[in-house]
Asks: 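The structure's right below; bear with me while I get my questions together.
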Amino acid sequence: MKDLMDALSANVNKEAQYWETYSGMGTWQFWVVLAMLVLPLIVLALKLDRTKAFRLGFYGFAIHIIAFYSDLYATAHKWWAYPYRITPFPSMSFSQEAALIPVVYMLVYQWTINRRKNYYFYLLLLSLAFTFGVKPLLGAAGLFWLYDFEYWQLLPFYYVGGLAAKWVTDLFHWAERNARRT
């Protein structure tokens, strides 16, 4: 057991050294990653339809959890990686999972609800934008690496994640509405 704990501790120290050298506050990448965390949250604070805040927040949390576990699985299996991070510990992109992706998805979801638009169509457009726009742009900037994976293979992650988040949100929204009737 002590050997395992020593190995884990050594790994944490290596991650911290890597972060300090390549992702620390002295790098431009740190500030871009920080902006991907802070700016979407500011936009959300300004644009959130507060009359639907709980529903939208639940949806955003569902997206966040799906993105987190997808990235956890994919980075562990070396499908993709995020070489620059906001903190030295997670190997995933906290900025994208906790802010950028959930906020953009929430705003599209809010827009489709408020304007009675087809969520599935706009989810497809959003998924295509992340798959063939955002991720290749991050890749070109060196902020996202693909290993034995192609960009088009990201599409199901974005689309199915959006489907699952909507369906779970709809289920809880339905339960809430029906509970009020009884």
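All values below were derived from every heavy atom in this structure, side-chain atoms included, with hydrogens, water molecules and symmetry-related copies excluded. What you see is a predicted model, and the numbers here were worked out from it, not measured in a lab.
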Asks: If the condition is side-chain contact (heavy atoms from CB on, under 4.5 Å), which residues does M25 pass it with, not counting sequence neighbours?
Replies: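 By the side-chain contact (heavy atoms from CB on, under 4.5 Å) rule, M25 matches F30, W31.
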Asks: Roughly how far, to the nearest 0.5 Å, is CH2 of W79 from CG of L146?
Replies: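 These two atoms lie 12.0 Å from each other.
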Asks: In residues 130-144, what donor-acceptor pairs under 3.5 Å come from side-chain atoms, sequence neighbours left out?
Replies:
residue: T131; atom: OG1; partner: S127; partner atom: O; Å: 2.7
residue: T131; atom: OG1; partner: L155; partner atom: N; Å: 3.4
residue: K135; atom: NZ; partner: Y82; partner atom: OH; Å: 2.9
residue: K135; atom: NZ; partner: Q96; partner atom: OE1; Å: 2.6

Asks: If every non-hydrogen atom of L107 is compared with every non-hydrogen atom of V43, which pair is closest and at what distance?
Replies: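 Looking at all heavy atoms of both residues, the shortest contact is CD1-CG1, 3.8 Å.
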Asks: Kindly indicate, with the supporting measurements, whether the criterion side-chain contact (heavy atoms from CB on, under 4.5 Å) is fulfilled by E97 and Y69.
Replies: CA-CA 9 Å; E97 297 161 1; Y69 283 110; over 6 Å; no
Asks: Holding to side-chain contact (heavy atoms from CB on, under 4.5 Å), I want the full list of residues that pass it with E176, two or more places apart in sequence or in another chain.
Replies: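 If we apply the side-chain contact (heavy atoms from CB on, under 4.5 Å) test to E176, skipping adjacent residues, the hits are H173, R180.
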Asks: Are L124 and Y120 connected in a single hydrophobic cluster, I mean Ile/Leu/Val/Met/Phe/Trp/Tyr linked by side-chain heavy atoms less than 4.5 Å apart?
Replies: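 Shared cluster, yes.
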Asks: Using side-chain contact (heavy atoms from CB on, under 4.5 Å), reason through I63 and M106 one step at a time and then give a plain yes or no.
Replies: CA-CA 9 Å; I63 287 288; M106 287 170 70; over 6 Å; no
Asks: Out of curiosity, does I66 fall in the hydrophobic cluster containing V168 (side-chain heavy atoms, cut-off under 4.5 Å, transitive links)?
Replies: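 V168 does not cluster with I66.
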Asks: In this structure, is the centre-to-centre distance between the rings of F157 and W80 below 6.0 Å?
Replies: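 Aromatic pair counts; centres sit under 6.0 Å.
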Asks: Looking at L34 and S95, what are the two nearest heavy atoms and their distance?
Replies: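 Taking L34 first and S95 second, the nearest heavy atoms are N-OG, 4.5 Å.
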Asks: Looking at R50, I'd like to know if its CZ atom is crowded, meaning that more than 12 non-hydrogen atoms belonging to other residues, nucleotides or ligands lie closer than 6.0 Å.
Replies: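 Buried by this count: over 12 neighbours within 6.0 Å.
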Asks: Report yes if some heavy atom in the side chain of F121 is under 4.5 Å from a heavy atom in the side chain of L125; otherwise report no.
Replies: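 A side-chain contact under 4.5 Å exists here.
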Asks: Can you list everything that forms a side-chain contact (heavy atoms from CB on, under 4.5 Å) with D3? Sequence neighbours excluded, please.
Replies: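 side-chain contact (heavy atoms from CB on, under 4.5 Å) check on D3 returns nothing, list empty.
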Asks: Using side-chain contact (heavy atoms from CB on, under 4.5 Å), reason through Y158 and L123 one step at a time and then give a plain yes or no.
Replies: CA-CA 8 Å; Y158 287 112; L123 173 62; over 6 Å; no
Asks: Can you hop from L163 to V104 via hydrophobic side chains spaced under 4.5 Å?
Replies: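 Yes, L163 and V104 fall within the same hydrophobic cluster.
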Asks: Test question: given the 4.5 Å side-chain rule for I, L, V, M, F, W and Y, name all other residues clustered with Y147, or answer none.
Replies: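 W145, all in the cluster of Y147.
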Asks: Donor-acceptor pairs under 3.5 Å, side chain of residues 54-61 to any protein atom, not counting sequence neighbours: which ones?
Replies:
residue: R55; atom: NE; partner: Y109; partner atom: OH; Å: 3.2
residue: R55; atom: NH2; partner: Y109; partner atom: OH; Å: 3.4
residue: Y59; atom: OH; partner: Y119; partner atom: OH; Å: 2.7

